[in-house]
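Since the structure is predicted, the reported quantities are computational estimates derived from the model, not experimental observations.
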2 protein chains.
Amino acid sequence: MEAGRQRQGRLWSNLKEVCDLLHIPAAISVNNEELLFQHVQFKTGQRVHTIGQAFDTLYIVNSGFLKTVLIDEFGNEQVLSFPMKGDMLGVDGIHTRHYASEAVALSDCDLILLPFKKLTALGRVHSELENVMYGVMSRELVREQAMIGMLGALSAEARVARFLVSLADRFAAMGYSSKLFNLRMTRHEIGSYLGLTLETVSRTLSAFNEIGLITVDQRTIGIKDAEALKTLRRLPPSRSRAKQTTKQQKAEADQSGDDQVLAAV
Amino acid sequence: MEAGRQRQGRLWSNLKEVCDLLHIPAAISVNNEELLFQHVQFKTGQRVHTIGQAFDTLYIVNSGFLKTVLIDEFGNEQVLSFPMKGDMLGVDGIHTRHYASEAVALSDCDLILLPFKKLTALGRVHSELENVMYGVMSRELVREQAMIGMLGALSAEARVARFLVSLADRFAAMGYSSKLFNLRMTRHEIGSYLGLTLETVSRTLSAFNEIGLITVDQRTIGIKDAEALKTLRRLPPSRSRAKQTTKQQKAEADQSGDDQVLAAV
DNA sequence: CGTCTGTTTGATCACTATCAACCCCCGTGG
DNA sequence: CCACGGGGGTTGATAGTGATCAAACAGACG
């Protein structure tokens, strides 16, 4: 895209571009043009790294969409994240020096290579780089914490709703429309990510569509009521079975106690 | 305990002791006795840090048991982890410079303070320290990934079983018995951690007890069949990667009509 | 035009949450 | 010393959410 320059027929980026991509304010005054990081392209379906593979480089997504997955003893995939522009890949390999997850391109991708050795050597000279790395890793950790909180506490509908909001926010941060976008992943992958089945994901999207919160056309999603999606806990009873929801919900909302929280839209 | 020395009526540890505690092989030849980190004691129920509090120090557990929690908009706690000896606290505060979670002592605790500023300054002189930090953060990340995988894919029974095995392993790593130990947390906290209700946790423990996998007496747990607990499954989740597993799944499904549906592998 | 993958929708099942009652342990105060 | 209270734990009955099984449809593609 915009970042990077040609050399030997390949794209390269300097440190400032890398930091910009990561949304990390880097006041780094390095002799930029000497410190270049190479880009690599991956086509849809290609694997960037696999579980157990020897770790030696981190990746930053410059363009494209990916998924990272864990694979259990039966070969079932568990989706961990959907990295896109500005996200870092491979951090889980630092500890054991072997990648703990697998990264797969969901579209054609352009990634920036950060050889870990080179990075740490660089840190020795420019110690500000340390803080950049700490910041990125900490951010990743916080994200995963939020994910754990979501999986542990929210209903299927709330998970799907938050997933959509999260996607919208990320698209917005990338300069794309947050109101209309295309899912790059299948229902099955979304379900795996959210701890649900693909049928539940599909049904929930359909329900949101009926209520008017979103529009759904295959992989094209239109966000109509972002605010409702953000605060959604549970869906109002779809057909009939009306138990004077308004009053009851109000009463429940008022006492905002500890446990179950219903349908606060 | 063993680590640390007295000075001004307080305990202090050097860098080597800190690294040992973290199980990180640190070939650091620093003038040890000059680089001391202070200990602090917390009593049961005390908070080490709270959400939103300004971040300035990391903590390493020298002794005692804690929990870290997220608190949602209604005041509900979501337990994220149960740190114990050798674990690091506060990493989630690096990114935003404010702690993202709350840490509470479940027993009287002895923690080592790692002022973050001091740590990064130290990294400038002793660059091996960088790798220690990266390693610890990466390990934390991998742990959380495993947690996400567990919450997303495993049944209630499998979660409780793995929780027990994980505790046993950690006690073993600390030099305690892995066959008989005391839970430091309530059923409610376990449930929150595992994305279950306290009743489900209680029932599952009772069921394991009846089957002879463990013994339960209030908070005292005896592990009788660690292997069975490790491999306990249920719910061959999704037909994501349907291979020649069809026969096996069918066989499992056939005998799943009984009351005891504990499909071990 | 058939095949294959992904999606939608329906019917049913069952795992786990919820509601409720009771028990156990322990500390406290009459 | 015992009554009392309260937090934590166990167990039972019931309901509901989401998984499972099943069928049909829509695009993509050779």
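- In this structure, B/Asn182 atom CG and C/dC25 atom P are separated by 15 Å, rounded to whole Å.
- For the pair B/Ile190 CD1 and C/dA17 P, the interatomic distance rounds to 14 Å; values are reported in whole Å.
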B/S/- along nucleotides 6-11 of chain D (protein heavy atoms under 4.0 Å) is --SSBB
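- Nucleotide D/dT17 holds its P atom 15 Å from the CG atom of A/Leu154, rounded to whole Å.
- Note: CD (B/Glu157) to C1' (C/dT16) measures 10 Å, nearest angstrom.
- When the ring-ring contact (aromatic ring centres under 6.0 Å, His included) test is applied to A/Phe181, the partners found at least two apart in sequence or on another chain are A/Phe171.
- One atom, CG of B/Leu232, and another, P of C/dC15, lie 13 Å apart when rounded to the nearest Å.
- One can place CG of A/Leu151 at 15 Å from C1' of D/dG18, the figure rounded to the nearest angstrom.
- A straight line from CZ of B/Arg233 to P of D/dA19 spans 19 Å, rounded to a whole angstrom.
- When the P atom of D/dG18 is taken as reference, atom CG of B/Leu196 falls 14 Å away, rounded to whole Å.
- Counting only residues at least two apart or on different chains, the salt bridge (charged side-chain N to carboxylate O under 4.0 Å, His left out) pairs with a member in residues 178-189 of chain B are B/Lys67-B/Glu189.
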Please report, to 0.1 Å, the donor-acceptor pairs under 3.5 Å made by any side chain of residues 146-154 of chain A, with sequence neighbours excluded.
none

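- Legend: residues meeting ring-ring contact (aromatic ring centres under 6.0 Å, His included) with B/Phe42, ordered by chain and number and at least two apart, are absent.
- Among the atoms of the strands shown, only primed sugar atoms or phosphate atoms (P, OP1, OP2) are found under 4.0 Å from some heavy atom of A/Gly195.
- Across all non-hydrogen atoms, the minimal contact from B/Asp110 to B/His39 is OD2-ND1, 2.7 Å.
- Applying the salt bridge (charged side-chain N to carboxylate O under 4.0 Å, His left out) test to every pair with at least one member in residues 140-154 of chain A, sequence neighbours left out, gives these pairs: A/Asp87-A/Arg143, A/Glu140-A/Arg143.
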